[in-house]
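To start, the structure under review is shown below, and the notes come after it.
Letters go in sequence order (proteins before strands), and every chain restarts at 1. Because the structure is predicted, anything quoted here is derived from the model rather than measured.
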Amino acid sequence: MFLPFDYQSPKSLKECLKLISENENAHILAGGTDLIVNIRSGKIIPQLVVDIKNISELSDIKKTDNYIEIGSLTTMNQITKSSLLKGAYYLLSYAASIMGCYEIRNRATIGGNIINASPGAETLNPLVVLSAKVVLESTSGQRILSIEEFVCGPNKTEIKKNELLTKILIPIVNEEADGVYMRRQRVKGMDLASVNCAIFITNKSDIKKRKIKISFGTVTPKPYRPIKVEQLLENNKITKNLILESVKIINSEINPRTTSLRASPEYKKFMIEYFLVEGLKKILGEINVN
Amino acid sequence: MKKNLNVVGESVLRNDVVEKVLGTAKYIDDYKFDGMLYGFTVRSTISHGKIISINISKAKKINGVVNIFTAKDIPGKNFFPMILNDYPFLAENKVLFYGQPIALVVATNQEIAKEAAKNVFIEYEELEPVLDIHYAMKKNSPKIFGSDNILRKYIIKKGNIDQGFKEADVIVEDVFETNYQVHSYLEPNGMIAVPQPDGGITVYGTMQCPFYVHDAIANILNIYHNKIRVVQTTTGGGFGGKEDVPSLVAGHVALLAYLTKKPVKLVYTREEDFHGMSKRHPGYIEIKYGAKKNGKIVAAKVRYILDGGAFATLSPIVLWRGTVHAVGPYDIPNVLIESFAVATNKVPCGAFRGFGQPQATFANESLIDILAEKLKISPLKLRQINMLKPYSRTATNDKISNSCGFKKVLSEVIKKSKYEKILSKKNENLSTIKTGAGLAIAFYGVGLGAGGKYIDRAGAYLQIQKDGTVIISIGNTELGQGVFTVISQIASEILGAPYEFVKVLQPDTTRVPDSGPTVASRSTLMSGNAVLDAAKQVRERIDTMVLKLFNKSKGKVYSNGKEYFISTNPEKKIHYLEVIKKCFVQRINLSATGWYTGEDVSFDSETGQGKAYYSYTFSATVAIVKVNILTGVVEVKKIVSGHDIGKAINPKLCEAQIEGGVIQSLGYALTENLVLKNGIILNPSFAGYLIPTSMDIPEIIPVIVESKYSKGPFGAKGLGESPMITPSTAIANAIYNATGFRTKKLPVTPEILLELKNKK
């Protein structure tokens with residue numbers, strides 16, 4: 001199926017970083033669930049493919065003092081099963097658990113999901129509301145960006161050609177926190193999200209202290225955070241009017257593309273209201289918004 | 001009670017299933033021939049235009065490219081034979097749709113062929129594309145077919161339509177639209193052509209209609225029919241999509257093999273298959289019913305338009321079937337149906353399971369519910385008042401025969417689904433999830449009918465071998481529907497040979513005479529009868545031998561499936577194998593050819609009156625749905641679908657056919673949504689075009705009713721298409737019952753439902 005290309009499989013991160021610093025046109029193969037598809041369809045015609053699957057230090061989830069660190073090669077199924085991603089972080093492992101199908105989840109990595117930066121990417125909204133950061137490494141050192149800064153749009157991130165995404169850092173939350181991830185899909189089996197949403201709330205039972213973060217997918221080219229709405233909802237009792245006001249604010253800020261085949265802009269706007277109501281209900285318990 | 005039949009009516013194991021389950025069955029892409037080359041198709045990248053030039057020089061220089069051919073290299077005629085003969089194998093001066101084949105690359109491997117195809121540069125003068133049927137029918141639109149863009153039109157006039165509506169107490173009318181549907185067979189189209197030493201050609205491939213392919217190759221190569229052999233390889237689904245267009249694929253690959261003198265493989269990518277192969281026609285239907293207060297429908301008027309796409313292919317007969325069935329399965333005295341298949345600059349539409357009927361059914365079975373509401377009669381009662389029964393007359397004034405189990409089908413489906421209980425249940429106001437039930441019924445003319453009567457015949461060859469095993473050749477193809485199993489059961493029953501002894505050979509156009517296409521739910525009836533004919537001839541000779549062995553000069557010989565006996569002494573038996581051995585020793589011919597032609601049918605082109613089909617299958621489906629009115633998401637919980645098919649030769653296979661049709665119809669109703677812009681398909685993949693997943697499939701209860709057709713093998717009519725016709729409309733009616741929103745478009749996406757809700 002392929003035109004010939006060179007293939008390298010470095011055994012260590014150091015070796016890999018050297019390789020990509022010397023070859024600007026290298027395409028990184030992690031799980032391959034996007035790269036192989038794109039090569040097959042002719043969207044990418046690679047000269048060199050660097051397979052990073054053998055760099056074992058990149059596929060691990062561990063807890064440090066301040067973060068849960070997820071190696072970029074960690075697969076969706078590893079994330080689904082991780083005991084560290086329960087409780088408040090469950091929204092991320094839940095998102096990973098409904099991505100693609102089981103076989104794809106065995107291959108697809110969180111790094112790949114982020115780098116591909118599809119507007120409906122399953123993990124991006126949860127990572128945004130969890131205030132995640134990405135660690136980028138190159139032969140010249142390391143830099144850390146927030147996921148919101150890092151993702152620019154479909155297939156577009158701040159990564160440089162000589163850099164490798166090595167880790168995702170999720171700040172540990174000590175406060176009483178909870179989150180939710182929701183998506184609309186057209187069939188019950190495997191489908192890409194037509195519109196999706198993550199909500200994360202800390203200090204959820206204290207209306208004065210609570211912090212709310214919301215992120216929607218597919219309504220703008222990158223994950224969309226309605227910051228004004230977050231502020232509005234944070235310290236106010238949630239009522240039907242408040243939700244309607246929130247929806248109004250959101251609708252004035254977004255302009256979903258009409259070319260999406262998975263959902264019309266009008267439908268996405270419908271779902272924003274639905275997700276807000278359902279998501280807040282789920283985290284805060286029964287709230288009266290009727 | 002003593003059984004009359006040994007194997008017919010039994011759910012024996014399919015005889016093609018082991019190799020399919022084990023993965024040893026060979027599909028076209030599994031075949032390789034020595035020195036084989038690979039083809040790839042260069043396709044139009046615009047919807048309408050003139051070809052100014054074709055530049056192949058760069059592509060030809062690519063290492064591994066053997067040659068590139070265009071229309072001028074065709075030694076024969078540049079069209080494949082199909083009704084109006086308007087579809088060229090390769091575009092000459094103009095292109096009429098995005099994806100239309102223009103040139104063919106042949107190379108040493110598929111990647112090179114594909115790469116080279118990208119490097120064939122075509123210069124066009126773009127013309128305004130005609131994308132909409134209404135615009136196409138206007139005087140001022142560009143004309144891409146004839147002087148009016150009409151590929152075919154029909155009229156059916158029965159009684160006096162004006163008088164009919166005058167007599168009506170209540171009149172309802174509405175407009176309904178349906179989208180494309182993609183066949184979504186697992187195996188994309190593909191063929192291999194192998195040149196023969198005598199200058200002839202053998203073509204192997206995935207297909208429904210080897211005889212169409214045979215004709216197409218004769219046309220493009222300009223060689224005699226006896227130099228061509230077409231073999232159907234194990235086929236991964238067809239659903240109509242491998243009826244007409246494989247002729248195009250075969251023509252292409254035969255041309256490449258003929259000109260290069262090498263075997264050539266041409267297998268489509270899924271994306272090519274989406275862009276280039278036929279689809280279900282989008283439908284636009286204006287429909288009007290007039291009824292008396294008591295519910296009797298006295299007049300029906302339909303204007304039924306199909307979007308045919310750029311070339312006619314099968315549109316004329318798809319239109320014909322839809323037209324004949326357009327007012328629904330009702331006895332209506334005054335009818336006017338006008339129908340049009342319209343040319344547009346889009347992918348040509350063709351055959352698809354249901355063949356014009358799902359579109360028409362969506363209109364008439366939605367409107368009948370609207371009428372019922374207006375009359376304040378239950379949807380069930382209104383159907384019962386008007387539905388066809390023995391001796392009532394269809395829109396073409398065709399008299400329904402005794403083989404009509406419609407009433408029973410409906411009552412069984414209603415009972416098993418608890419339709420009336422769910423229909424009348426009130427949904428709680430506060431709940432955002434609403435439950436509803438919907439009903440749709442239909443009749444389906446079995447076989448090609450008057451629209452294709454001249455090709456409605458079938459042949460068969462049957463031979464008992466030395467060891468008692470049986471080989472059979474038929475002209476119809478196995479597409480997964482189970483026809484080889486059914487044919488084996490029929491032969492086994494008639495011969496008295498054990499079912500396991502019977503094998504149906506790979507279909508091959510040199511084995512039996514042209515038996516027409518494998519379409520129109522006709523194989524059990526047509527090939528079944530042809531095999532029945534052949535088997536009866538052989539059985540007669542066997543019976544003579546049995547009598548001889550019993551020292552009788554006459555009498556009736558019976559079989560229990562492995563032994564023969566006579567009525568006067570049923571205890572004494574003689575084994576099948578023993579009789580066969582004796583026949584061989586005594587040089588009895590244990591082979592025969594069989595033949596069957598369908599009963600005569602007619603259609604008057606002026607009035608649309610006549611015996612359109614020789615028999616009808618009747619069906620009814622109830623769908624139970626749950627609708628989330630906040631998200632517009634519809635979940636189908638249960639579907640009960642009943643069909644009067646005359647006789648179930650293999651009940652399990654029939655149930656599987658019903659289940660498959662229901663699922664395909666479910667996709668048509670809810671998720672299968674092809675999107676085109678400027679005539680270009682925007683979602684040519686299964687990530688973009690969504691067929692139901694296993695998780696979307698509801699509980700399906702198939703119901704079989706057997707009201708025997710006197711001319712059918714053991715009374716069988718046909719089943720393949722019937723299950724595709726009613727479920728989508730039953731779902732739409734159930735959505736209305738649940739929510740009060742009446743959709744007039746298929747598919748019913750959540751978008752449509754929320755739009756309807758907003759309007760309200």
Counting only heavy atoms from other residues, nucleotides and ligands, does the tally under 6.0 Å from [atom1] of [X] exceed 12?
{"X": "A:Y224", "atom1": "OH", "value": "yes"}
{"X": "B:K118", "atom1": "NZ", "value": "yes"}
{"X": "A:R107", "atom1": "CZ", "value": "no"}
{"X": "B:K745", "atom1": "NZ", "value": "no"}
{"X": "A:K53", "atom1": "NZ", "value": "yes"}

Let me confirm one number: the [atom1]-[atom2] distance from [X] to [Y], rounded to the nearest 0.5 Å.
{"X": "A:L192", "Y": "B:L690", "atom1": "CG", "atom2": "CG", "result": "8.5 Å"}
{"X": "B:D696", "Y": "A:R186", "atom1": "CG", "atom2": "CZ", "result": "11.5 Å"}
{"X": "A:D191", "Y": "B:M695", "atom1": "CG", "atom2": "CE", "result": "11.5 Å"}

Part of [X] lying under 4.5 Å from any heavy atom of chain A:
{"X": "B:T631", "result": "both"}
{"X": "B:E635", "result": "side chain"}
{"X": "B:N673", "result": "neither"}

Work out which heavy atom in [X] is nearest to a heavy atom in [Y]; give both atom names and the distance.
{"X": "B:I691", "Y": "A:V187", "value": "O-CG1, 3.8 Å"}
{"X": "B:K114", "Y": "A:R40", "value": "NZ-O, 3.7 Å"}
{"X": "B:P750", "Y": "A:R184", "value": "CG-NH2, 3.1 Å"}
{"X": "B:T693", "Y": "A:M190", "value": "CG2-N, 4.1 Å"}
{"X": "B:E751", "Y": "A:R262", "value": "OE2-O, 4.1 Å"}

*Report yes if the side chains of A:Y267 and B:T749 come closer than 4.5 Å at any heavy-atom pair, otherwise no.*
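A:Y267 does not reach B:T749 side chain to side chain.
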*Any side-chain heavy atom of A:S264 sitting closer than 4.5 Å to one from B:E755?*
no
*Hey, mind stepping through A:Y274 and B:T432 against side chain to side chain contact (heavy atoms under 4.5 Å, CB included) and telling me if it holds?*
CA-CA 12 Å; A:Y274 179 77; B:T432 56; over 6 Å; no
*Most chain A-contacting option - heavy-atom pairs closer than 4.5 Å, from B:L630, B:N758, B:L754, B:L430*: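 Between B:L630, B:N758, B:L754, B:L430, the count favours B:L754.
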